[in-house]
Student: 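The following block contains the structure, expressed as C-alpha cells.
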Amino acid sequence: MKVTGSATLHASRDDVWKALNDPAVLVRTIPGCLQLEEVGPDSYRMTITAGVASIKGTYQGDVSLTDQQQPGSFMLRASGAGAPGTVSADVKVSLAENDGVTRLDYDADAVVGGMIGGVGQRVLSGVAKKTAGEFFQAVDDVLTGKAPAPVAASSGVAAAPGVFTAPASTGTAVGGSDFVKGAVFGAAVAADRKVGTIRQIVAARRFWE
C-alpha cells in the first residue's frame, strides 16, 4: 500500500526537525500512542492503540529514523505486531521552508497483513491519511503554542530513563492506521477466530461504504 501526502507546519524547518525527533513531542502527538521507549540512537519501541471501525487493538512495534539529512529529510522505518494484523512501513519525509513556514511531504510504502489487511486498500489509505493529518495538526499546535509544550526530552515525561508516556487524555484510540509515523500494527489472527474476523471485516466495510 502506498500513501503520499503533505502538511504545512507554521514554524521554521529547524524547529520542525527538532519536534519530529523529540520523543517527548511524538508521544503526545501520534494518535493513540501510549508509550515510546528509547532502545538506541533514533530508535524506539512503541505501544499504540489504533484501528479501523470495529477492528481495534493495542500494538507493539519498533520505529527508527535513518538516512537523516538534517534538516531536510529522513527515513522512518516501522514494523510491529498486535491482535488485528501485521504492518511494516518505510516513510520518506522531506522538509522545505519558505518565509518561516515549513512544507512537509511524506511518501510511505506499507505492507499490511492479518485481519486489518482484509479491510481493503482504499479504506486503509483513507484512514492512514486522516491519521497523518491529525498527527501533523497536533505537532503544529505544539510548535505554535496552541498545545502545552511537552517536558524536555532530557527530563521527559518519562516513567523511567528513556521511557516517554502520553498524558492520560491522549492515550485513547483514535480510529486509524498510522502512516508513520504511527503506526504500527501486527500479529497473525488465531485460526479459531476466523468467523469473528470475517464478521469484523464485513462490519468495517459497511461502516466505511
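Note that the structure is a prediction, hence the values are computed from the model and not measured. Along the sequence shown, residues carry numbers from 1.
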Student: What's the separation between atom CZ in R28 and atom CZ in F164, rounded to the nearest 0.5 Å?
Tutor: 12.5 Å
Student: Which pair of heavy atoms, one from S6 and one from D105, lies closest together, and at what distance?
Tutor: CB-OD1, 3.2 Å
Student: State which residues pass salt bridge (Lys or Arg N to Asp or Glu O under 4.0 Å) with R77; sequence neighbours excluded, sorted by chain then number.
Tutor: D67, D90
Student: Taking all atoms of both residues into account, what is the closest heavy-atom pair of V139 and A19, and its distance?
Tutor: CG1-CB, 4.3 Å
Student: Please determine whether the number of non-hydrogen atoms from other residues, nucleotides or ligands lying under 6.0 Å from atom NZ of K92 exceeds 12.
Tutor: yes
Student: Check the pair M1 / V111 against side-chain contact (heavy atoms from CB on, under 4.5 Å), numbers first and verdict last.
Tutor: CA-CA 6 Å; M1 180 178 70; V111 178; over 6 Å; no
Student: So which atom in C33 and which in A166 form the shortest heavy-atom distance, rounded to 0.1 Å?
Tutor: O-CB, 3.2 Å
Student: Let's go through T165 and Q35 carefully: what are the C-alpha distance in whole Å and the side-chain angles of both, what is the deciding distance for side-chain hydrogen bond (donor to acceptor under 3.5 Å, both in side chains) to 0.1 Å, and is it a yes or a no?
Tutor: CA-CA 4 Å; T165 56; Q35 180 174 289; over 6 Å; no
Student: Ignoring hydrogens and geometry, is there a side-chain-to-backbone donor-acceptor pair from D140 to F136 under 3.5 Å?
Tutor: no
Student: Of all heavy-atom pairs between Y44 and V39, which one has the smallest distance, and what is that distance?
Tutor: N-CG2, 3.9 Å
Student: Which residues pass the side-chain contact (heavy atoms from CB on, under 4.5 Å) test with A138, sequence neighbours left out?
Tutor: T29
Student: Evaluate V3 against Y106 for side-chain contact (heavy atoms from CB on, under 4.5 Å), listing each step before the verdict.
Tutor: CA-CA 8 Å; V3 182; Y106 64 87; 4.0 Å; yes
Student: Decide yes or no for L143 and V16: does some side-chain heavy atom of the first lie under 4.5 Å from some side-chain heavy atom of the second?
Tutor: yes
Student: Provide the closest heavy-atom pair for V27 versus A24 in the form atom of the first, atom of the second, distance.
Tutor: CG1-O, 3.7 Å
Student: Could you give the distance from OG1 (T8) to CZ (R103), rounded to the nearest 0.5 Å?
Tutor: 7.0 Å
Student: Using the side-chain contact (heavy atoms from CB on, under 4.5 Å) rule, take Q70 and D14 through it: C-alpha gap first, then chi angles, then the decisive distance, then the call.
Tutor: CA-CA 8 Å; Q70 186 174 356; D14 285 335; 5.6 Å; no
Student: Rounded to the nearest 0.5 Å, how far does CG of L76 lie from CD of Q68?
Tutor: 10.0 Å
Student: Hey, what do you get for CD1 (I48) to OG1 (T58), rounding to the nearest 0.5 Å?
Tutor: 9.5 Å
Student: What's the spacing between S43 OG and E38 CD if we round to 0.5 Å?
Tutor: 8.5 Å
Student: side-chain contact (heavy atoms from CB on, under 4.5 Å) for L36 and V163? Distances and angles first, verdict last.
Tutor: CA-CA 6 Å; L36 283 176; V163 179; over 6 Å; no
Student: Which residues pass the side-chain contact (heavy atoms from CB on, under 4.5 Å) test with R13, sequence neighbours left out?
Tutor: P71, L95, E97, T102
Student: Can you tell me how far CG of L104 sits from CH2 of W17, rounded to the nearest 0.5 angstrom?
Tutor: 11.0 Å
